[in-house]
Colleague: 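This is the structure, below, for whatever I ask next.
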Amino acid sequence: MRTVFFLFACVVLASTSASLSRKYDFSVSLDDANTVWLHWTVDHVMGIINIGIEAKTTGWIGFGLSPTGQMPDSDIVTGWVKDGKGFLQDRHSLGRSLPPIDPKQNVELVAATEDNMMTVLEFTRKIRACEPNDADVPPGTSNVIWAYHHEDPDTINGLMQHQKMGGKSVNLLSGRTVKPFPSGTPTFDVKTNNLTVPSDATTYWCKPVKLPVLPEGGYLLGFKPIIGHKAIVHHMLVYRCDTAKNYLDQEGVCGTRDNNIKRCWGVSAIGAWAVGGKEIHFPDDVGIPFSGKDGVQYVMIGLHYNNVDMRSDYVDSSGFKFYYTTKKPKQLGSLLEFGQIVSSLTFFVPPGLPKATLKSYCSSQCTNAGIPSGGSTVFSVFFHSHTAGVAIRLRQFRNGQDLGYIAHNEHYDFNYQDFVTPLRNVTILPGDSFQTECVYDTSKRTKLTVAGLSTTDEMCLAYTIIYPAATVQSCVSEIPSAALADLTEKADSQGWGSFFGSDSNGLRQALLTLNFSKPGADAAYLDYFASKDRKIQCTGVEHSAIITEQTVTIPNVPAEPAPVRPQCKNTLNQPPTIAPISASTPTPSSAARVEYGFLLLLFLLVV
């Protein structure tokens, strides 16, 4: 038995010989096979990001930030472990060829380990770049690329072509820690059950659900998505809807069976998920009531199925697993929605525009009526638009002063939508106002893009999780129809459209005639998109009006963050010669130590 124990101990120690030398705040697998892992911690005070890369290889590893998700114009780091030494190189890519080494090395190798299965490289770099060959770590979504080879290069400059490569979208600066819920935390599911998904390309499916009834009260602690068919489930929302008790048997396509199903849609969300999202755990001592005296016992789940192949054989069971407690938390939380009214006639984007910015507004009158007197803290932000969206921002104002962005994503990725941590500590006070900015690129489209439910239509929404809870659940806006009437009259006078009147039917008819390929049409549309007036809709639970609809003028501020070029004194400025460091002495992980202790105990019991 001594021999058996010795062999097991060697296996455990060998499996941890390539290990991380430090703890990181965030981790994500960069490929579906889990052969490449990215770990990172952001130090905003020092302006640096600490990065660890693990790859299932004993050769070189490459990691980069790309403007497009492809290799050209990427800021790249390559490294490896050889003969007990770690190597790291700061490079930049000019195309699909060997990236040259930068004249100045602005990365610092911290640790390097390797065993017969895995290589680990850990390094530090600045968040903001100072050299023309380097890239800033952007707020919002980063296009991360990776590559590796199974062999080390023979010389410092002898890097051979990769054998494996890939890319992934990652929120590096606004990442969040996904804490596991304690074992034994009670749960319930809100989901479809073996649903045969319609063969339509776009389906919004609604299902009313009765929640557990808890006389002592129930409080949501967070939720985890349950995804059946990843290929077709695009996003899911759960709305409070007490009137759902009247039609629990009316599951179906949203809005086609009963007006009450449609009435539940769009306000009082308690759960939200879209492609790429992860579970959400509310802050300690914060919960959303769902049952009992102060809560709601009925909800509606709405699922967007994006069935592009129009298949009829998909059977899906998707939704949410909600975690809850019966102990009332110190703070009650809620979701607050900002953005553009989706069903608005006045929300459309012409084809052929590389950049069109829509600004939606939430008025101070709405927050003054719907935010607690002591204010609410913003815990997390979730942005949502569709495939024409390229950037989204949420900006805060107080007493006419621009407080800056709560969150902004300058590289929005339709396939990677997740809650993000605000860029600063944010408190919403009564009387604050907000602007949601969505940027669209229709340069490769030939038809008008309109607001709607399909992924080829568009939306502009920002959900925030706040505490204490607010009575306002949604503060959204639209461009008044009078602005569209002015646009269509101008189009009629200049010969690239027809004016059929300023009523809704006339505007819809006029919209179909607009030809944005005519000279001046694009400029006229951008002027329309930049119009200053917005009609505000401020609502609470189940579309209850917090204030009557009002028209306000939005602040005159730039529509995007000013570029920041830091002084280059922050650069690490290492010499171009790559000096190796000794490979790190690994420390077994906590899991390995537990396994080692168990084996030791087993050994002692046997002998």
Side-chain angles (χ1 to χ4, degrees), residues 28-34 69 141 166-171 189-209 223-239 250-257 261-262 264-266 269-280 299-322 342-343 382-390 392 412-419 440 444-445 447 449-461 463:
V28 65
S29 174
L30 297 182
D31 67 330
D32 293 337
N34 295 324
T141 304
K168 192 180 184 75
S169 294
V170 181
N171 292 324
D189 293 348
V190 175
K191 65 185 185 71
T192 58
N193 186 23
N194 295 323
L195 167 68
T196 300
V197 179
S199 59
D200 298 324
T202 298
T203 297
Y204 276 72
W205 191 266
C206 289
K207 180 179 180 179
V209 178
F223 50 82
K224 182 178 181 179
I226 303 170
I227 309 301
H229 275 288
K230 293 182 179 180
I232 59 170
V233 182
H234 172 260
H235 74 260
M236 308 181 295
L237 289 154
V238 174
Y239 298 105
Q250 295 185 22
E251 173 182 358
V253 175
C254 300
T256 60
R257 295 200 175 195
I261 292 181
K262 191 172 183 179
C264 289
W265 184 266
I270 61 171
W273 174 91
V275 176
K278 301 182 288 293
E279 65 186 80
I280 190 83
V299 298
M300 186 201 74
I301 181 171
L303 300 98
H304 174 192
Y305 289 107
N306 186 32
N307 188 0
V308 292
D309 295 326
M310 303 180 72
R311 287 172 49 176
S312 60
D313 59 339
Y314 283 121
V315 178
D316 184 64
S317 296
S318 292
F320 293 92
K321 180 176 292 295
F322 284 99
V342 176
S343 61
F382 172 77
F383 288 134
H384 181 66
S385 70
H386 288 173
T387 51
V390 293
I392 310 181
Y412 175 77
D413 184 347
F414 171 76
N415 292 309
Y416 185 67
Q417 302 178 49
D418 195 13
F419 281 95
Y440 303 100
K444 296 181 180 179
R445 297 193 175 190
K447 296 181 179 179
T449 298
V450 297
L453 303 180
S454 170
T455 55
T456 56
D457 297 334
E458 266 310 329
M459 294 184 179
C460 178
L461 297 170
Y463 292 91

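Residues take their numbers from the sequence shown, with the count starting at 1. Because the structure is predicted, anything quoted here is derived from the model rather than measured.
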Colleague: Are side-chain heavy atoms of N306 and V308 found at a separation under 4.5 Å?
Modeller: yes

Colleague: Over all heavy atoms of both residues, which pair between T456 and T449 is shortest? Give the atoms and the distance, please.
Modeller: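 In this case the closest contact between T456 and T449 is O-CG2, 3.7 Å.
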
Colleague: Answer yes or no: is there a side-chain heavy-atom contact under 4.5 Å between V190 and F223?
Modeller: no

Colleague: Which atom names give the shortest non-hydrogen contact between V275 and F414, and what distance separates them?
Modeller: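 Shortest heavy-atom separation between V275 and F414 comes out as CB-O, 4.2 Å.
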
Colleague: Please step through side-chain contact (heavy atoms from CB on, under 4.5 Å) for the pair M236 and I227, ending with a clear verdict.
Modeller: CA-CA 10 Å; M236 308 181 295; I227 309 301; 3.7 Å; yes

Colleague: Got D31 and K168 here, is their nearest side-chain heavy-atom distance under 4.5 Å?
Modeller: no

Colleague: Looking only at non-hydrogen atoms, find the nearest pair between E251 and L195 and report the distance.
Modeller: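 Closest pair (atom of E251, atom of L195, distance): OE2-CD1, 4.3 Å.
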
Colleague: Measure the spacing between OG of S318 and NZ of K230 and express it to the nearest 0.5 Å.
Modeller: 11.0 Å

Colleague: Does Y204 form a ring-ring contact (aromatic ring centres under 6.0 Å, His included) with H234? I'd like the steps, not just the answer.
Modeller: CA-CA 10 Å; Y204 276 72; H234 172 260; 8.3 Å; no

Colleague: Would W205 and V253 satisfy side-chain contact (heavy atoms from CB on, under 4.5 Å), going step by step from the backbone distance to the final call?
Modeller: CA-CA 5 Å; W205 191 266; V253 175; 3.9 Å; yes

Colleague: Can a donor-acceptor pair be found, under 3.5 Å and without considering hydrogens, that links the side chain of D200 to the backbone of T202?
Modeller: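 Side chain of D200 to backbone of T202: no pair is present.
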
Colleague: Has S317 got a side-chain atom pairing as donor or acceptor with G228's backbone, closer than 3.5 angstrom?
Modeller: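 No.
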
Colleague: Please indicate whether K191 has more than 12 foreign heavy atoms, meaning atoms of other residues, nucleotides or ligands, lying under 6.0 Å from its NZ.
Modeller: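 Yes - once you tally the heavy atoms of other residues, nucleotides and ligands closer than 6.0 Å, there are more than 12.
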
Colleague: To the nearest 0.5 Å, how far apart are CG in L303 and CZ in F320?
Modeller: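 Reported value, rounded in 0.5 Å steps: 8.0 Å.
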
Colleague: Could you check, using the six-membered ring where one of them is a Trp, whether Y412 and H386 have ring centers closer than 6.0 angstrom?
Modeller: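 Between Y412 and H386, the centre distance exceeds or equals 6.0 Å.
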
Colleague: Do Y305 and D316 meet the criterion of a side-chain donor-acceptor pair at a distance under 3.5 Å?
Modeller: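 Side chains of Y305 and D316: pair found under 3.5 Å.
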
Colleague: Which atom pair, heavy atoms only, marks the closest approach of S169 to T141?
Modeller: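 Heavy atoms of S169 and T141 come nearest at CB-CG2, 3.4 Å.
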
Colleague: Just by distance, do the side chain of N34 and the backbone of S29 share a donor-acceptor pair under 3.5 Å?
Modeller: no

Colleague: How long is the straight-line distance from CD1 of I232 back to CE of M310, given to the nearest 0.5 Å?
Modeller: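 Spacing of CE (M310) from CD1 (I232) equals 13.0 Å.
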
Colleague: Do you know the tightest heavy-atom contact between G319 and I301?
Modeller: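 Minimum heavy-atom contact is CA-CD1, 3.6 Å.
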
Colleague: Take atom CG of D32 as the centre, draw a 6.0 Å sphere, and report whether it contains more than 12 heavy atoms from other residues, nucleotides or ligands.
Modeller: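 No.
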
Colleague: Check F382 against D418 and note the closest heavy-atom contact, atom names and distance.
Modeller: CD1-C, 3.8 Å

Colleague: For residues D457 and V342, determine if any side-chain heavy atom of one lies less than 4.5 Å from a side-chain heavy atom of the other.
Modeller: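 No - every pair of side-chain heavy atoms lies 4.5 Å or more apart.
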
Colleague: Checking the side chain of T387 only, and the main-chain atoms of T455 only, is there a donor and an acceptor separated by less than 3.5 Å?
Modeller: yes

Colleague: I'd like to know if the side chain of S385 and the backbone of C460 have a donor-acceptor N/O pair within less than 3.5 Å.
Modeller: no

Colleague: Is H235 close to Q417 at the side-chain level, that is, under 4.5 Å between some pair of heavy atoms?
Modeller: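 Q417 does not reach H235 side chain to side chain.
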
Colleague: Using a strict threshold of under 4.0 Å (side-chain N to carboxylate O), is an ion pair present between R311 and D313?
Modeller: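 Salt bridge present between D313 and R311.
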
